[in-house]
Amino acid sequence: MATLAHPSSQTHLFTKLSLQPKKFTPPSRIRMSLQENAPSLAVVGVTGAVGQEFLSVLSDRDFPYRSIKMLASKRSAGKQFTFQDRNYTIEELTEDSFDGVDIALFSAGGSISKHFGPVAVDKGAIVVDNSSAFRMEEGIPLVIPEVNPEAMEGIKVGMGKGALIANPNCSTIICLMAATPLHRHAKVQRMVVSTYQAASGAGAAAMEELELQTREVLEGKPPTCNIFKQQYAFNLFSHNAPILSNGYNEEEMKLVKETRKIWNDMNVKVTATCIRVPVMRAHAESINLQFQQPLDEDTAKDILKSAPGVVVIDDRTSNHFPTPLEVSNKDNVAVGRIRRDLSQDGNKGLDIFVCGDQIRKGAALNAIQIAEMLL
């Protein structure tokens, strides 16, 4: 996400992941107020789309804190705004920003995270980083709380030292929220993902440009193309991430590599095609799953209905299935189009369609849930 300027040894997953249900229980709500015994927070990249959503989720979930620093670039320093009926001044991010900070929430781009993340850790802060800077580094947990909370076992506020936890990519989070409960039951051997990604994934500027372009095209004017370099309104195109030597783009390879790390299985086969679509916020994904064990569609639907953070929208009679609009500004990931893959023998293949709010569960909410587990 553009704001300021824009691991571990592998063990066989099937035994470790699918046979042991996760014990993820969100902490009970605590009325938000300045509490002497609560952690001190810092939000890095507070002026960006995810930074602002950090604050929204902190407020919605009554996250306790004794103080909070609002950090951004030099050009934003000094600006005032109100949060939870209190006035704050945005401070310039510097190496001194993390003195006395317990939890630092980062959403300021990879280069900022690479420089200031270790600085914050050295000062004793636990960093929850939303960029791709540390996701694939060995020893740094890559966490979706409903999926692999055990990856950050032992990391708590008050442990006397800093730590760094990586927030997965938005498309990975949305995908694995739906795929993991099925994987635990029947073990995914191969997963094919096609994503339909909203403007929100490219930051507030991209969302503004989509709105501007829509007006311009409807008025017969040439569209302003500063963010994507081509018309976005009434169009779709391959995700704008750089193309790698293997023909995949970086967004697609994130889904491949992050899935293997989160599931702790380097042998699972994953392929992805990522597309940018003219939707304001909330990503959609078509997911084809091939299982080791049989899994029929009715059982799959029951599994998904009981999965934390997942809601099933699968009404074949009225042709009602998940849409980005329905999940925008919502916490849950919606799953539908649950059906047997007719191209595979028996009940060893399923197709599902998933929608999730990229800024919410795909970024800010997941980070705040990680922070809740630190308390």
Side-chain angles (χ1 to χ4, degrees), residues 12-14 16-22 24 135 142-151 167-197 251-274 282-314 321-322 327 332-341 344 347-358 361-362 366 369:
H12 196 276
L13 166 105
F14 191 41
K16 183 174 181 181
L17 181 59
S18 67
L19 300 184
Q20 296 181 14
K22 293 296 171 281
F24 172 73
R135 289 175 185 156
L142 182 65
V143 178
I144 304 172
E146 295 92 338
V147 173
N148 64 331
E150 74 284 350
N167 212 30
N169 192 40
C170 51
S171 54
T172 306
I173 293 174
I174 292 166
C175 175
L176 297 191
M177 284 290 293
T180 301
L182 305 177
H183 174 59
R184 290 193 185 120
H185 185 90
K187 191 176 191 292
V188 172
Q189 291 187 310
R190 183 171 185 260
M191 180 166 67
V192 182
V193 186
S194 298
T195 72
Y196 312 91
Q197 297 185 220
E251 187 79 1
E252 292 158 351
M253 289 310 298
K254 287 176 185 177
L255 219 160
V256 174
K257 294 177 180 178
E258 292 177 19
T259 296
R260 290 173 175 168
K261 180 173 179 176
I262 292 167
W263 279 358
N264 200 15
D265 184 359
M266 296 306 294
N267 296 317
V268 64
K269 297 176 180 178
V270 181
T271 186
T273 300
C274 295
H283 293 349
E285 303 183 12
S286 171
I287 304 171
N288 175 265
L289 300 163
Q290 180 179 341
F291 300 102
Q292 179 175 294
Q293 307 296 329
L295 177 59
D296 64 82
E297 60 188 39
D298 291 332
T299 302
K301 189 177 293 188
D302 289 340
I303 291 169
L304 290 167
K305 284 180 178 178
S306 63
V310 173
V311 60
V312 173
I313 302 175
D314 196 88
F321 303 103
V327 301
N332 288 334
V333 170
V335 187
R337 299 302 316 279
I338 303 162
R339 64 202 187 279
R340 183 170 74 86
D341 177 2
Q344 298 186 51
N347 281 315
K348 291 191 175 181
L350 285 174
D351 287 298
I352 61 175
F353 187 71
V354 181
C355 288
D357 189 305
Q358 178 277 329
K361 181 55 184 173
N366 200 75
Q369 288 176 306

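Here the shortest heavy-atom pairing between I287 and C175 reads CD1-SG, 3.7 Å. When every heavy atom of P308 is checked against every heavy atom of M177, the shortest pair comes out as O-CE, 3.5 Å. Contact between V335 and L304 at its shortest, heavy atoms only, is CG1-CD1, 3.8 Å. Between P149 and P145, the shortest heavy-atom distance links the atoms CD-O, 3.2 Å. Here the shortest heavy-atom pairing between Q189 and F291 reads OE1-O, 3.7 Å. Here the shortest heavy-atom pairing between A334 and V327 reads CB-CG1, 3.6 Å.
To the nearest 0.5 Å, the span separating CG on L289 from CZ on R190 amounts to 11.0 Å. The OH atom of Y196 sits 13.5 Å away from atom NE2 of H283, with the distance rounded to the nearest 0.5 Å. The structure places OG of S171 at 4.0 Å from CD of E251, a figure rounded to the nearest 0.5 Å. Between the CG atom in L142 and the CG atom in N148 there is a gap of 7.0 Å [rounded to 0.5 Å]. Note that the NZ atom of K187 and the CG atom of L182 stand 14.5 Å from one another [nearest 0.5 Å].
Without hydrogens or angle criteria, E297 side chain to R340 main chain gives a donor-acceptor distance under 3.5 Å. Under the 3.5 Å distance criterion, the side-chain polar atoms of D265 are matched with a main-chain donor or acceptor of N267. Remark: the backbone N or O of V188 is paired with a side-chain donor or acceptor of H183 at under 3.5 angstrom. Although no hydrogens or angles enter the test, the distance criterion places a donor-acceptor pair under 3.5 Å between the side chain of R135 and the main chain of N167. The main-chain N or O of S286 is never found under 3.5 Å from a side-chain atom of R337 such that the two would form a donor-acceptor pair. In this structure a side-chain-to-backbone donor-acceptor pair under 3.5 Å is missing from N366 to G362.
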For residues 350-357, run the donor-acceptor check on the side chains, cut-off 3.5 Å, and write out each pair with its distance to 0.1 Å, sequence neighbours left out.
residue	atom	partner	partner atom	Å
D351	OD1	N288	ND2	2.9
D357	OD1	R281	NE	3.4
D357	OD1	R281	NH2	3.0
D357	OD1	I359	N	2.9
D357	OD1	R360	N	2.8
D357	OD2	R281	NE	2.9
D357	OD2	R281	NH2	3.0
D357	OD2	N329	N	2.4

Side chain to side chain contact (heavy atoms under 4.5 Å, CB included) between L255 and N169, intermediate numbers included: CA-CA 7 Å; L255 219 160; N169 192 40; over 6 Å; no
Run the numbers on V333 and V311 for side chain to side chain contact (heavy atoms under 4.5 Å, CB included), then give the verdict. CA-CA 6 Å; V333 170; V311 60; over 6 Å; no
Where do C170 and K254 land on the side chain to side chain contact (heavy atoms under 4.5 Å, CB included) test, with the steps shown first? CA-CA 10 Å; C170 51; K254 287 176 185 177; over 6 Å; no
Run K348 and Q290 through side chain to side chain contact (heavy atoms under 4.5 Å, CB included) and show every step you take. CA-CA 6 Å; K348 291 191 175 181; Q290 180 179 341; 5.6 Å; no
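Looking at Q369 and K361, their side chains do bring a donor and an acceptor atom within 3.5 Å of each other.
The side chain to side chain contact (heavy atoms under 4.5 Å, CB included) search around T299 returns H185, L295, D296, I303, not counting sequence neighbours. With sequence neighbours excluded, the residues satisfying side chain to side chain contact (heavy atoms under 4.5 Å, CB included) with V256 are M253, R260, V270. Contacts of T195 classified as side-chain hydrogen bond (donor to acceptor under 3.5 Å, both in side chains), with partners at least two apart in sequence or in another chain: Q197. Residues passing the side-chain hydrogen bond (donor to acceptor under 3.5 Å, both in side chains) test with T273: none are found, sequence neighbours excluded. Every residue meeting the salt bridge (charged side-chain N to carboxylate O under 4.0 Å, His left out) condition with K301, not counting sequence neighbours, appears here in chain and number order: D314.
In this structure, the side chains of M191 and V268 stay at 4.5 Å or more apart for every pair of heavy atoms.
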